[in-house]
Amino acid sequence: MTPESPPMAVGVRERRKSLGLTQAQLAEAIGVSRQTIISIERSDYAPSVYLALRLAARLNSTVEQLFPLEGERR
């Protein structure tokens, strides 16, 4: 990962699926487009802090769990 690369959003897809949510349902719940969710899950887009907090709240998680730093991945 380079300094410019967004953190991998590995936790978002897995957490969404574990809760039985579709990308469209998650997008609607937090007020973004489905394409935004797709981009976040693919790590093509790094969400703002505000959006990351909304994602974490809706996914019953924390920002740190959804977007682990390179050295903190499990």
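Keep in mind that this is a model prediction, so the values were computed, not measured. When reading the values below, keep in mind they use all heavy atoms of this one structure, side chains included, and skip hydrogens, waters and symmetry mates.
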When rounded to the nearest 0.5 angstrom, what distance separates CG in Leu66 from CG in Leu55?
6.5 Å
Spacing of CD belonging to Glu28 relative to CG belonging to Leu21, to within rounding of 0.5 Å:
11.0 Å
What distance separates Ile37 CD1 from Leu51 CG, expressed to the nearest 0.5 Å?
7.0 Å
Joint hydrophobic cluster, Val49 plus Val12, side-chain heavy atoms closer than 4.5 Å:
yes
Looking at every non-hydrogen atom in both residues, tell me the closest pair between Ala56 and Val63 and how far apart they are.
CB-N, 3.7 Å
With a 4.5 Å heavy-atom cut-off, do Tyr45 and Ile38 have their side chains touching?
no
Heavy-atom pair of closest approach, residues Leu26 and Arg16:
CD2-CD, 3.8 Å
Would a 4.5 Å heavy-atom cut-off, applied to side chains only, mark Gln65 and Arg15 as touching?
no
Would you mind telling me which of Arg34, Lys17, Gln35 makes a side-chain contact (heavy atoms from CB on, under 4.5 Å) with Gln23?
Arg34
Apply side-chain hydrogen bond (donor to acceptor under 3.5 Å, both in side chains) to Ser39 and Thr36, showing your working.
CA-CA 5 Å; Ser39 294; Thr36 297; over 6 Å; no
Pairwise distance CG(Leu19) to CD(Gln25) - rounded to 0.5 angstrom
10.5 Å
Near Arg58 CZ, under 6.0 Å, is it more than 12 heavy atoms from other residues, nucleotides or ligands?
no
